[in-house]
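Just so we're clear, the structure is a prediction, and the values are computed from it rather than from any experiment. Starting from 1, each residue takes its place in the sequence as its number.
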Amino acid sequence: MANVKLTNVKKVYSNNVEVMRDINLDIKQGEFIVFVGPSGCGKSTLLRMISGLEDISSGTLEIDNQDVTQVPPSLRGVAMVFQSYALYPHMTVYDNMAFSLQIAKIDKKEVDAQVRRAAEMLQLTPYLDRLPKALSGGQRQRVAIGRAIVRRPKVFLFDEPLSNLDAALRVATRMEIANLKESMPDSTMIYVTHDQVEAMTLADRIVLLSAGNIEQVGSPLDLYANP
Ligand code: ADP
Ligand code: ADP
């Protein structure tokens, strides 16, 4: 539960390519923001800078009104859902979701409560004892989302979470994410996609990126209904 503020953020990779020019963006607590734009425009870079997986070359990033520019990823209160779900193949659904809490030495009862709450939210309760290989792609991606939920992050970061799914599963999982937004209205969610339909159906506000610049920011109606 937090706002996210980027001020004069720039990113230059080690090969001296400037991929983010001067990003200023104020994301409110509870907002569902979608970064959209063509491949290579810098969506993932922006998300990875917010998560802390990638350094910011200059500028500042605040989460929950704290400057976290120098704060390591694990202490930023963010949780990321990736395009490929990277589940532990030898662990059950339950253990995949519980693992990050177990290694943080969270009380067993609390872990159990968080895992069951997330499983209910994502309709995974019947599958808690299964291994990932016995799940569909959409179910696996829901487990990956569950792993983020149990950590009770202030900010959820989604990096093209549907792009590895086939068309039918993509629609179903998109609806799950829309439900998640409804059930966690105070959580800030930042979502990256190149798919306009995802942007239109999920976003409170869309940030249209192009070659490292913000081209436009607005509601789905602003951006797509009044060209
Ligand atoms: P998108 O997510 O919109 O496809 P990316 O953020 O992945 O865009 O990439 C933006 C630009 O930065 C691209 O030109 C890409 O080639 C470049 N880029 C991404 N990662 C690196 C890296 N580690 N080193 C150098 N250039 C990179
Ligand atoms: P490999 O990648 O060679 O299969 P690893 O031991 O790196 O072997 O990974 C085993 C499995 O655990 C892989 O399916 C991988 O996606 C998953 N995995 C590895 N690291 C992580 C991580 N930090 N979070 C979640 N899953 C992970």
Side-chain angles (χ1 to χ4, degrees), residues 1-84 86 144-145 148 151-163 177 181 184 186-196 198-200 202-220 222-224:
M1 282 166 247
N3 64 327
V4 177
K5 187 172 182 187
L6 294 97
T7 309
N8 302 126
V9 168
K10 292 191 182 144
K11 177 67 185 177
V12 182
Y13 279 114
S14 49
N15 53 1
N16 282 329
V17 179
E18 191 182 43
V19 294
M20 281 291 136
R21 295 186 208 280
D22 189 15
I23 300 293
N24 288 284
L25 188 63
D26 217 335
I27 300 171
K28 295 192 258 320
Q29 171 179 336
E31 247 192 323
F32 198 115
I33 288 275
V34 178
F35 294 151
V36 68
S39 178
C41 72
K43 305 182 293 294
S44 297
T45 299
L46 197 49
L47 202 69
R48 291 164 60 81
M49 289 194 294
I50 296 170
S51 72
L53 293 175
E54 198 68 68
D55 286 337
I56 291 172
S57 305
S58 68
T60 55
L61 169 71
E62 289 161 65
I63 297 177
D64 207 5
N65 302 313
Q66 310 264 355
D67 185 343
V68 297
T69 313
Q70 305 297 332
V71 173
S74 60
L75 301 177
R76 291 187 180 193
V78 303
M80 192 137 162
V81 178
F82 296 95
Q83 176 173 344
S84 62
I145 295 169
R151 294 166 55 195
R152 293 177 160 274
K154 295 174 183 169
V155 180
F156 284 88
L157 304 173
F158 296 93
D159 193 359
E160 306 226 15
L162 307 183
S163 56
I177 293 173
K181 170 183 160 180
M184 308 179 92
D186 294 333
S187 295
T188 309
M189 302 194 177
I190 306 176
Y191 188 104
V192 161
T193 183
H194 57 265
D195 184 304
Q196 277 191 13
E198 281 173 41
M200 280 191 292
L202 291 169
D204 295 322
R205 263 195 314 159
I206 296 173
V207 176
L208 184 60
L209 292 169
S210 157
N213 292 301
I214 293 181
E215 282 289 306
Q216 253 187 305
V217 182
S219 70
D222 291 340
L223 261 70
Y224 296 121

request  = Check side chain to side chain contact (heavy atoms under 4.5 Å, CB included) between Asn65 and all other residues, then give those that pass, not counting sequence neighbours.
outcome  = Asn3
ask   = At their closest point, which heavy atom of Ala203 faces which heavy atom of Val34, and how far apart are they?
value = CB-CG2, 3.5 Å
key: Nearest-0.5 Å distance, SG of residue Cys41 to NE2 of residue His194   = 11.0 Å
inquiry  = Using a 3.5 Å distance criterion without hydrogens, assess whether the side chain of Asp64 forms a donor-acceptor pair with backbone atoms of Gln66.
reply    = no
Under 3.5 Å, which donor-acceptor pairs do the side chains of residues 4-12 form with other protein atoms, sequence neighbours left out?
| from | atom 1 | to | atom 2 | distance (Å) |
| --- | --- | --- | --- | --- |
| Asn8 | ND2 | Asp22 | OD1 | 3.1 |
| Lys11 | NZ | Glu54 | OE2 | 3.4 |
| Lys11 | NZ | Asp55 | O | 2.8 |

request  = For Arg151 and Ala79, indicate whether the former's side chain and the latter's backbone hold a donor-acceptor pair under 3.5 Å.
outcome  = no
ask   = Partners of Ser51 by side chain to side chain contact (heavy atoms under 4.5 Å, CB included), sequence neighbours excluded?
value = Arg48, Leu53, Val78, Met80, Leu157
query = Closest heavy-atom contact between Ala199 and Pro220?
reply = O-CG, 4.3 Å
request  = Could you list the residues that satisfy salt bridge (Lys or Arg N to Asp or Glu O under 4.0 Å) with Glu18, not counting sequence neighbours?
outcome  = Arg21
inquiry  = What verdict does the side chain to side chain contact (heavy atoms under 4.5 Å, CB included) test give for Ile50 and Phe35, after you've listed the backbone C-alpha separation in whole Å, the side-chain angles of each residue and the deciding distance to 0.1 Å?
reply    = CA-CA 13 Å; Ile50 296 170; Phe35 294 151; 4.3 Å; yes
request  = Output every pair passing side chain to side chain donor-acceptor pair (under 3.5 Å) with a member in residues 206-220, not counting sequence neighbours, ordered by first then second residue.
outcome  = Ser219-Asp222
inquiry  = For a side chain to side chain contact (heavy atoms under 4.5 Å, CB included) check, start with the C-alpha distance between Ile177 and Leu162, then their side-chain angles and the critical distance, and finish with the verdict.
reply    = CA-CA 10 Å; Ile177 293 173; Leu162 307 183; 4.0 Å; yes
key: Ile190 CD1 to Phe158 CZ distance, which is reported to the nearest 0.5 Å   = 10.5 Å
ask   = In Å, rounded to the nearest 0.5 Å, how long is the span from CG of Leu61 to CE of Met49?
value = 8.5 Å
task = For the residue pair Lys154 and Thr188, establish whether any side-chain heavy-atom pair is separated by less than 4.5 Å.
result = no
message = Are Glu160 and Glu198 packed together at the side-chain level, in the sense that at least one heavy-atom pair is separated by less than 4.5 angstrom?
response = no
request  = Go through the side-chain N and O atoms of Thr193 and Asp195 and say whether any donor and acceptor fall under 3.5 Å apart.
outcome  = no
query = Between Asp204 and Lys181, is any pair of side-chain heavy atoms under 4.5 Å apart?
reply = yes
note = CE (Met189) and CD1 (Ile27) are apart, to the nearest 0.5 Å, by 13.0 Å
inquiry  = Quick check against the 3.5 Å criterion: does Arg205 have a side-chain atom that pairs as donor or acceptor with the backbone of Val217?
reply    = no
task = Find the distance between OG (Ser187) and CZ (Phe32) and round it off to the nearest 0.5 Å.
result = 11.0 Å
ask   = Taking only residues two or more places apart in sequence, or in another chain, which ones meet Lys43 in a salt bridge (Lys or Arg N to Asp or Glu O under 4.0 Å)?
value = none
